[in-house]
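Working notes for the structure below.
Numbered from 1 within each chain, the chains take letters A, B, ... in sequence-line order. No hydrogens, no waters, no symmetry mates; every other heavy atom, side chains included, goes into these values.
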Amino acid sequence: MSAFNLLSEPIRKYIRDQKWESLRPIQEAAIQKIIATDNNYVLISRTASGKTEAAFLPILSKMNCKEKGVKVLYISPLIALINDQFMRVEKLCEYLDVPVTKWHGEASKGAKDRLIKAPEGIVLITPESLEAMFVNKPYQIHHLFSTLDYVVIDEIHSFLGSDRGIHLQSLLQRLQKVNTGKFSTVALSATVSDQNNYAELKDFLGDPEHTKVIRDTTPKPINAVFKYFEGQTKELPLDLLKDLYIRTRDSKVLVFPNARGKVEEVAVRLKKLSERVGGHANYFSHHSSVDKEVREYVEFFAKKSTHENFCISCTSTLELGIDIGNVDEVAQIDATHSIASLIQRVGRSGRREGKASNLFLYATERWSLLQSLACWLLFKEQYIEPIAMSQKPYDVLVHQLLSVVKGSSGITLDKLTEDLTGNAAFKNISAEEVTEIIDHLTAIDFLEKLGPEYIIGIEGEKVVNTRDFYTLFHTPVFFRVVSQGVKIGELPLSAQTRPDENIYLSARIWKIKDIDYEAKKIEVAPAKDGKKPLFFGDAADTASKIREKMLEILISDQKYDFLDEPGDEMIRQMRKDFSIYGIRSHQTDRPLFSGNDKLKFYSFTGSKINRTLSFILNRVGIENQLHESESKFEIDFSKKSEFISVLKDVNLNTINFDEALTELLDNFPDVLNFSKWGEFLPIKYQIELLKHRYFDFEGCNEFLQNLNFIENK
DNA sequence: GACCTGCTGCGGTATG
């Protein structure tokens, strides 16, 4: 039977009313499978290929709408995505008379209350809201979610490999436990690595044997153009902005400049260029520090603009599936940190059927040009970074221990241990380890033993009873930026944030009038000229594969017709610079340059391995400067032989770094900042987190075992 | 110089 005929009549009517000519390939396949089986499915296909419908059309066809209780739980990483999907799903559900409820921190309380009175239909939720319910109203979890048929997880790649992902995995397991039957899961994604035949992905959904992947890899034509404009100052070159302006002034475009400060610079300066020549004024900026209402306006403007052109300068806030309508072109300024990110960004353009995507890649620095080129070539080879799921997520365990205890109002050690060890998210953590962590949490008053049962301790109450408890990620302190009662966005406190400084924010220029440290508020007024704002953060890690590709480009003589003349010239120059070594293998050979007083070692490997190598060198007394963007170490020439022998002879498997890592934690407690809950673990588990999440000793060892120094002649 | 993500429950007051 055709997929269309497998659907229930109301759904068929919906499709007819939408005037769809046909179902998309991913929809055809998903409908056949989901209707026929109770397997879990992962639907992988590019942005705007109708994945949401591919999941909901068959699920709703199967669903017994007359039954009481919530039947489908949709989980999303973003509130904005929930609001977006709500409208689509609700329109579909009108045909079935099935209610749809949004349940997140900004959703209406009234709608939530109505759901509690009569639980039914579909609920759209965030992992954090689900967590909050487990902690504060565990009976509500039973009341609402014990009769689920399906859980749908949107943009699942955004969860994989992160603490937030382990958190979600744990919540899914806890949810399955309270369910009277067994729910199936359908996960949606545009980009997932197919390493080990999707083993990590299948594990994530909790039932690998009954989890199937449906994938549509129909390629989409993409026109890429590389342009190189070497930057002389900290500002973006004017020629680059002029070029970008001319190419995009007559279209709908997204620009990704990688950092919030640069996002503002691009928006403000392009707007000025446009003003000067009488072009359109629809230049916006969109990132986490732009006020929410301003961002919603920008999204609304983009969605509603059928004839009007616009240009949104943005960070990864516009990378995920929020539907902002048709975009003609995407510009990327300097290299993306990952291929996955590049795929998402490219996918945002040419969303109209049959229309090619346009991509402008700009580079302002030679190493960035090389990395950008490497990313593009890997993208063409359909490479995606592998998923690194945390094998022993002790920090997420701490959080979930507190959550389970708080939600239980008294629980025995046996029950608590069983709850955690029985949870697949923690399957590699032993019962002994769980007990040891419980003992530690008791010792620091996070837990308290009351007779045979554990409850939350005095110190634990302080963290469990705050809004901040529900997330697995840290958030820095920001000051609200306000102009005459209107909120514009937010800024961190820095040398720049003081009265009379002029800054860009939300694509406009402001003068700082006053700073209220108590209220964490910055009062501003419009100004004519200013500087880009400063934000602080950690650069994202770059994968080893990208660095290897960069070296491969340097030792090849391949010509790239998509490179402009200056870019081509720069690559030629870099190849010439590296020709002095005579490198043969981009996998094992690494350049070592001996200068007059400096030794330069180009490792061409991932950020985590570089960080580990730098740590080991420091540990054995070899001072070194790591230049991450060039994957280069600089060392005093007098240490040359020592350096070579350390790297050649060291076998990291035989060395115990625990003492060194303990010292590191003592001297620089901030190294653990990547983990929000890690600081509450016994020191030996903090060390384990450092070893696997901040450093990569296994990867570093493998790198060193294969390393072949090639010295300059 | 360096991305992003989310948030309870209660008590108060204003509004229809």
Touch check for A:Ser341, heavy atoms < 4.0 angstrom, all strands: base, sugar-phosphate only, or nothing? nothing
Can you tell me how the ring of A:Tyr602 sits relative to the ring of A:Trp367, calling it parallel under 30°, perpendicular over 60° and tilted otherwise? parallel
Contacts of A:Ala259 and A:Thr466 projected onto DNA chain B by closest heavy atom; the upstream (5') one is A:Ala259
Separation of B:dG9 C1' from A:Tyr139 OH (nearest whole Å): 11 Å
Separation of B:dA2 atom C1' from A:Ile333 atom CD1, nearest Å, is 16 Å
Phosphate contact (B:dG1 OP1 or OP2) by A:Lys262 side-chain N/O below 4.0 Å: no
Lys/Arg-Asp/Glu bridge criterion (N-O < 4.0 Å) met for A:Arg345, A:Glu319: yes
Any donor-acceptor pair, under 3.5 Å, between the side chain of A:Ser316 and the base of B:dC4, if you only look at N and O atoms? no
Would you kindly give the CG-to-C1' distance between A:Asp163 and B:dG6, to the nearest whole Å? 15 Å
Rounded to whole angstrom units, what separation is found between the NZ atom of A:Lys112 and the P atom of B:dG9? 8 Å
Under 4.0 Å, counting only non-hydrogen atoms across every strand here, what does A:Ile79 touch: a base, just sugar-phosphate, or nothing? sugar-phosphate
Can you check the A:Gln332 CD to B:dC3 P distance for me, whole Å? 13 Å
Would you say A:Lys532 reaches B:dG1's phosphate, i.e. side-chain N/O to OP1/OP2 under 4.0 Å? no
Choosing from B:dG6, B:dG9, B:dC3, which nucleotide comes nearest the side chain of A:Asn136? B:dG9
NA contact type, A:Tyr470, heavy-atom cut-off 4.0 Å: base, sugar-phosphate, or nothing? sugar-phosphate
May I ask you to verify whether the side chain of A:Asp468 and the base of B:dG6 hold a donor-acceptor pair under 3.5 Å? yes
Among B:dG6, B:dA2, B:dT5, which nucleotide has an atom closest to any side-chain atom of A:Ser129? B:dG6
Does the ring of A:Tyr504 carry A:Lys532 above it, NZ/CZ under 6.0 angstrom from centre and within 45° of its axis? no
Counting side-chain heavy atoms from CB outward, which of B:dT5, B:dC3, B:dT8 is closest to A:Thr315? B:dC3
Within this structure, what is the CG-to-P distance between A:Asp334 and B:dC3, rounded to whole angstrom? 13 Å
Need one value for A:His104: base, sugar-phosphate or nothing, where a base atom within 4.0 Å counts as base even if backbone is also close, heavy atoms only. sugar-phosphate
Member of A:Arg164, A:Arg467, A:His167 meeting the side-chain hydrogen bond (donor to acceptor under 3.5 Å, both in side chains) criterion with A:Glu128: A:Arg164
Could you give the CD-to-P distance, from A:Glu461 to B:dG9, as a whole number of Å? 15 Å
What nucleic acid atoms does A:Ala132 come within less than 4.0 Å of, heavy atoms only: base, sugar-phosphate, or nothing? sugar-phosphate
Closest nucleotide among B:dT5, B:dC4, B:dG9 to the A:Arg164 side chain: B:dT5
Rounding to an integer number of Å, can you tell me how far A:Phe535 CZ sits from B:dC3 P? 8 Å
So A:Thr126, base contact, sugar-phosphate only, or nothing? Heavy-atom distance under 4.0 Å. sugar-phosphate
Which class fits the ring pair A:Phe680 and A:Trp677: parallel under 30°, tilted 30 to 60°, perpendicular over 60°? tilted
Select base, sugar-phosphate, or nothing to describe what A:Thr471 touches, counting heavy atoms under 4.0 Å on all strands. base
Does B:dT5 have its OP1 or OP2 closer than 4.0 Å to a side-chain nitrogen or oxygen of A:Arg295? yes
Between A:Tyr297 and A:Phe284, what is the ring plane arrangement, given parallel below 30°, perpendicular above 60°, and tilted in between? perpendicular
